[in-house]
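Following: one structure in structure tokens, then a few remarks.
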2 protein chains.
Amino acid sequence: MSVTIYEIAERAGVSSSTVARILRGDVKESYRRSAETAERIRHIAKEMGYRPNLRARAFSRGRTHGIGLLYTDDAWIFEGMNTEVVSSLVRALQKSKYHLVFAPIDASGAWEEIVLGGQIDGGVVFQSLPAEVLSAMQKHELPLVLLGDNSDPTISQVVVDDTAGAYAATKHLLGLGHKRILFFVHQTVKPHCSIAERLAGYRAAIDATGAERYECVRMSEEDVIDILVRGRERPTGIVCYSNLEATLIVHAMWQYGVSIPADLSVIGFNDLFATRYMTPPLTTVGFDAAKIGEYGARLVLKDIGTPIDARQAIEMAVKPKLIVRGSTGPAPVRARMATG
Amino acid sequence: MSVTIYEIAERAGVSSSTVARILRGDVKESYRRSAETAERIRHIAKEMGYRPNLRARAFSRGRTHGIGLLYTDDAWIFEGMNTEVVSSLVRALQKSKYHLVFAPIDASGAWEEIVLGGQIDGGVVFQSLPAEVLSAMQKHELPLVLLGDNSDPTISQVVVDDTAGAYAATKHLLGLGHKRILFFVHQTVKPHCSIAERLAGYRAAIDATGAERYECVRMSEEDVIDILVRGRERPTGIVCYSNLEATLIVHAMWQYGVSIPADLSVIGFNDLFATRYMTPPLTTVGFDAAKIGEYGARLVLKDIGTPIDARQAIEMAVKPKLIVRGSTGPAPVRARMATG
DNA sequence: TTGAAAGCGCTAACAG
DNA sequence: CTGTTAGCGCTTTCAA
């Protein structure tokens, strides 16, 4: 059907291995004669429209050049910044002639086909994986990289310095004169290392000034809203775990007639398109998602072909930065009037 | 390294083909004796931890069981409802032991490796593809399916009945007493068949009542905002091409002090999480994204292995439905006062 | 640098 | 139903 190295070999009057080697660039071409035949072979190949059969190559080499995007939760890989991470990852892999394969992990066990059947040479993950998947990967010596998660120090990972991000966010509010700053993680947020890290960043900034902490971790929006609109000593600033909380809060404050940023300053996490068009535009902590993809690709590819005991888990970090927009401003001079 | 059918064959005292056939379920097992050996072989296979080598199978069969997710624009596959389409597609393919592969199409020409190298058995697309990619797919007899696009009638496709959706949206506003209803497509919207279809639905509804059309196709938000806040005969309702327009408009109206829905009713397109938390929650046209993935999978898989001239382009349609939330209400009794 | 030859693990056509 | 026998197209020793 399609052209093979044998047909080219015949046409060129050389052996198939020579063709394969030359087309693969596996030959130094130091002698003049060999350089000439090499040129001739490349010419014939092009003329005949030769394409290496990747299935044959995968079989022969024992490598598919596929990297699995392993995930247990659909939403996660499409959530927030992760789409950008994925798309940069795809591009980075592509440069090394690798492709990314969707590998959903669920009860059906279909993942075994992909992982154990040798459909991929390595994998990347956003969340930590079920133990059985992890051990299957290990048993097959498939390298794995964690993206934006540090739950397993024995695995290479690229992380965002969330502590620094939350620290900067909180510091920003403190710099604007805010004394009572709340930190909010919604109750529906999935477990993730960033929760603890952002909280740590918040604490570090708060504690440095001797201000009081208002930690609302894993709470409902109603409870937090209550804190924000009732009582005498209400927070005047809020650092949200993500844009979900920020969206909920902004929405609620609008309903309660609390003005942002005049009465309350709000900071979100992650620089998404939508937050630029919120009312008002959201001050948030962003990071360069493309870097994560690049680093991730580098880390998986590095370990492919490396004997498993010669590998070492490496961590690469990406620094976030604060993006100041309209949702933060100077602390109100005095406490607002109670509305309820 | 890993177990092969030969080792099993030897252990079981049968030929390798017998093992392969039985493990593959290619044998009826009608005789008692054959049923027994079949059982024995399966037992041995399990005991030895046998896994068919998918690379070998792909090579031998000339099929990788991979479907390419072809895209020229990163943003598109992660945009709006498409993430849900993709994730349902992955799941649907998985049921048939197929996997989805990211296949970005760009100037680097890396897509040729994937398409021409035989890394995939078929493809799906959101946008219509560059001609060269299309013809490459055709030449290699790889089936292709368009998702939510009908730009090429010779290709199988699953589409959303956008005309019906826009019709329902407009009808909803008319039913609320609105007489002046604007249709807005932002200038940055990428060319897509849905633009014309949604416009057609809008027109059909408007024309049926003899009302006047206010078509703002490919305009900037400033111009549309101008129309909405100035002049005597201002529209009281607006049907947006997507959530982008809806977001921009809601944001702008808030700045101008125009109340939604009291002064202006707004309808968006696509039922995204974020729109449920807008202020007010957005009335929008939604559809079942999972259906698109399912249908899409069915359509590509159907044509794999089918001789190219026995194939026929099939179109499957998904019906949208109007989701009424807070951004639409009865038409204001009289025209608002001019603000500028 | 080149050629010959032996796989890689599975499928499939053909006899039996 | 089962076994035999060729492949599938490329890679990779091993000699030359």
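Residue numbering restarts at 1 for every chain, and letters A, B, ... go by the order of the sequence lines.
Protein atom NE2 of A:His65 is 13 Å distant from nucleotide atom C1' of D:dC10, rounded to whole Å. Here the C1' atom of nucleotide C:dG3 and the CD1 atom of A:Ile41 are 12 Å apart, to the nearest Å. Between the CD atom of A:Glu36 and the P atom of C:dT1 there is a distance of 15 Å, given to the nearest Å. In this structure, B:Met48 places its CE atom 13 Å from P of C:dG9, rounding to the nearest Å. C:dT2 atom C1' lies 15 Å from atom CG of A:Leu23, rounded to whole Å. If you take CZ of B:Arg63 and C1' of C:dT11, they are 12 Å apart, rounded to a whole angstrom. At whole-Å resolution of the value, CZ in B:Arg40 and P in D:dC1 are 17 Å apart. In this structure, the CD1 atom of A:Ile8 is 12 Å from the P atom of D:dG9, given to the nearest Å.
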Exercise. Mark up nucleotides 11-16 of chain D, 5' to 3', with B wherever a protein heavy atom is under 4.0 angstrom from a base atom, S wherever such an atom reaches only the sugar-phosphate, and - elsewhere.
Key: BBB---
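Using cut-offs of 30° and 60° on the angle between ring planes, the pair B:Tyr98 and B:His65 is parallel. Aromatic ring pairs are classed by plane angle as parallel below 30°, tilted from 30° to 60° and perpendicular above 60°; the pair B:Phe78 and B:Phe102 is tilted.
In plain terms, the two heavy atoms of B:Asp121 and B:Thr64 that are nearest each other are OD1-N, 3.0 Å.
Comparing C:dC10, C:dG3, D:dG9 by their nearest atom to the side chain of B:Phe59 picks out D:dG9. In this structure, of C:dG9, D:dT2, D:dG9, it is D:dG9 that holds the atom nearest to the side chain of A:Asn53. Considering only the side chain of B:Pro52, C:dC10 comes nearest among D:dC10, C:dC10, D:dT2.
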Quiz item: Would A:Asn82 and A:Ile77 satisfy side chain to side chain contact (heavy atoms under 4.5 Å, CB included), going step by step from the backbone distance to the final call?
Solution: CA-CA 6 Å; A:Asn82 290 351; A:Ile77 63 169; 5.5 Å; no
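In terms of position on DNA chain C, the residue among A:Thr18 and B:Thr4 whose nearest nucleotide sits closer to the 5' end is A:Thr18.
Comment: A:Glu294 does not engage A:Arg91 in a salt bridge, judged by the lack of any side-chain N to carboxylate O separation of less than 4.0 angstrom.
When A:Asp73, A:Thr72, A:Asp149 are each tested for a side-chain hydrogen bond (donor to acceptor under 3.5 Å, both in side chains) with A:Gln127, only one passes: A:Thr72.
A distance of 13.0 Å separates OH in B:Tyr295 from CG in B:Leu147, rounded to the nearest 0.5 Å.
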